[in-house]
Amino acid sequence: MSAFPKAGPLTSVGTPATDGGDIYNGDQLHHGIFGGKNNVNVVNNNTTTGGGPGSSGFGDLYKHIAVNALHNSDEVSDQPKCHPGTREAVLDQLFTWAGIQLSPYLIQWLHGPAGAGKSSILRTIAQKLFENNLLLGSFFFFRTSERRNSSEYVITTIAYQLALSIPKTRQHIGKAVERNPAIFSLSLWEQALALIVSPIVSIFYDPTFDSRQYPRVIVIDGLDECDNPAKQCQLIHVLHQVIQSVPIPLSLLVASRPEHHIRGAFDDDDLKKCSFRLALDNSLNPDADIRTYLEAKFAVIRQSRPMEFSPDTIWPIPDDTDTLIARASGQFIYASTVEKFVSSPRHNPVKRLEIILGANSEGSQKPFEELDNLYSTIFRTVVKDHLTSTLRVLGFLLIPGLEFPKHPNDFEKSSPAYIEKFFS
């Protein structure tokens, strides 16, 4: 069960302040849920009149955000998005969900293994949501990028984007920082209450405010790349609590690998009731998308090399494309790595593809160096106590005939009884 406060009435009920009052101040922090116009504790603000466009509070907030984690930052936007014509089923599903204000599922968890294309999907959907005035804020984790690998900057970064998306919240966010400059050292929930929940509740009583005119979706990518597993789970619960605490419809889209602790967080009773899990598996027909991607990229290579390919050249042959799709096993990163290796302008693409297919060998060339680095990074995260178990699992997966059984004994190797005997 969540360790965060449940929805319920506050200890006192107030009337909306008309002089810039806020729900939160540094001396009176209430952990109730602001569930409607008649269920609010408003604290008049007598400590500051700041919070305007040039306020020091909002300037201090800017110093504590991860600019490079935004969907349209240089670091994130320069990375690949979904190739046209691919991932249409999942993108359509996510976009449709984002447009439903009263969806029973306020949270979507998109999960899949490393290399399945989660980040490309979220970069694509985040941009589409932004263009359609649906993106309230985003945070794209990345384990080797400063600030993008820590939960410390998530709430502040979303609060900053909230101020840009719903400008009326900006003065309230600035005031919260001015009242308590130590806000950045408090817990994630305390930050969220002061910088996100209270500002939204405060503007909700403005008769000119119409929540339907403003963005409502928060996008979090690569949650498993946050440097602290405990914080990953805590962040899920905090953002869930934010959604429950505001009187406007907000939604959350999270993408990550299906790590055990993250799955456990989504198994929490409260989260399970309001979240939907979308797995990047074979049900979404990734092979067809990978075929579309490879055929388009190979066509570009042929067109860009007129001296090497005549207009009627058939390359690669269909069997070779089929082989690449089979080897990809639904993982877009394999197809992307193949394309990058083959399309090198300094090399012959036909020979490079032959290297990939194993029909040619050219010294020290490493066509899968990018994949090697990815999985090396994953293996480095294995804690020492789990190393023996991990090696046993890898050893089992390397048993000849397990992946493509041809003989009766091979089929036996994939039976539950054989697996249990192997690990006993």
Side-chain angles (χ1 to χ4, degrees), residues 65-101 103 105-112 114-143 145 147-149 153-154 156-167 196 211-226 239 243 249-257 276 278 280 284 286 289-290 292-293 296-297 300 332-333 335-336 339-340:
I65 71 171
V67 179
N68 53 344
L70 306 184
H71 87 281
N72 52 1
S73 68
D74 283 343
E75 280 191 26
V76 176
S77 62
D78 283 349
Q79 296 301 307
K81 297 181 177 66
C82 295
H83 185 79
T86 66
R87 297 302 202 186
E88 291 182 340
V90 64
L91 290 172
D92 288 345
Q93 181 171 335
L94 292 174
F95 188 71
T96 300
W97 162 80
I100 302 175
Q101 290 200 7
S103 170
Y105 302 113
L106 300 177
I107 301 174
Q108 288 263 358
W109 178 33
L110 178 72
H111 62 85
K118 301 181 297 296
S119 291
S120 292
I121 290 172
L122 258 68
R123 284 190 289 266
T124 303
I125 196 66
Q127 182 61 33
K128 187 173 183 179
L129 294 175
F130 178 75
E131 293 170 354
N132 286 272
N133 195 36
L134 287 170
L135 183 67
L136 178 67
S138 62
F139 195 99
F140 282 73
F141 281 100
F142 193 70
R143 72 176 70 252
S145 178
R147 295 201 174 193
R148 287 179 63 191
N149 58 5
Y153 303 97
V154 176
T156 53
T157 302
I158 293 174
Y160 174 80
Q161 294 170 89
L162 170 64
L164 300 182
S165 298
I166 308 179
I196 299 176
S211 64
R212 295 171 296 181
Q213 299 178 4
Y214 296 100
R216 52 182 299 273
V217 182
I218 298 171
V219 172
I220 305 292
D221 179 56
L223 179 62
D224 54 282
E225 302 214 11
C226 172
L239 292 175
I243 291 173
L250 296 185
S251 297
L252 173 66
L253 172 59
V254 180
S256 75
R257 299 204 304 261
F276 182 83
L278 182 57
L280 288 180
L284 294 170
D289 287 336
I290 290 174
T292 298
Y293 173 83
K297 292 299 184 180
V300 170
F332 256 84
I333 193 169
S336 174
E339 183 272 327
K340 289 178 182 178

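Here the structure is a predicted model, which is why all the values come from computation and not from measurement.
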- Query: Of the non-hydrogen atoms in I125 and L91, which two are nearest, and what is the gap between them?
  - Reply: CD1-O, 3.8 Å
- Item | With F141, the side-chain contact (heavy atoms from CB on, under 4.5 Å) member among N149, I220, D224 | I220
- If you measure from OG on S138 to CG on N72, what distance do you get to the nearest 0.5 Å? 7.0 Å
- Hey, does the side chain of S165 reach the backbone of P215 with a donor-acceptor pair shorter than 3.5 angstrom? no
- Query: So, K118 side chain and G112 main chain: donor-acceptor pair closer than 3.5 Å or not?
  - Reply: yes
- Task: Kindly indicate whether the side chain of K297, heavy atoms from C-beta on, has any atom under 4.5 Å from the side chain of S336.
- Result: no
- Test item: side-chain donor near acceptor, D221 and S119, under 3.5 Å: yes
- Would you say T157's side chain and Y153's backbone share a donor-acceptor pair under 3.5 angstrom? yes
- Message: Please check this pair: side chain of R147 against backbone of V67, looking for a donor-acceptor N/O pair closer than 3.5 Å.
- Response: no
- Message: Tell me if a side-chain donor or acceptor on D289 pairs with a main-chain N or O of R87 at a distance below 3.5 Å.
- Response: yes
- Between H83 and Y293, what is the ring plane arrangement, given parallel below 30°, perpendicular above 60°, and tilted in between? perpendicular
- Spatial distance of atom CH2 (W97) from atom CG (L253) [nearest 0.5 Å]: 5.0 Å
- Query: Is N133 reaching over with its side chain to a backbone N or O of Q213, donor-acceptor style, under 3.5 angstrom?
  - Reply: yes
- Item | Donor-acceptor pair, side chain of S120 and main chain of G117, under 3.5 angstrom | no
- Note on the structure: Checking F139, F140, F130 against H71 for ring pair (Phe, Tyr, Trp, His ring centres under 6.0 Å), the one that qualifies is F130
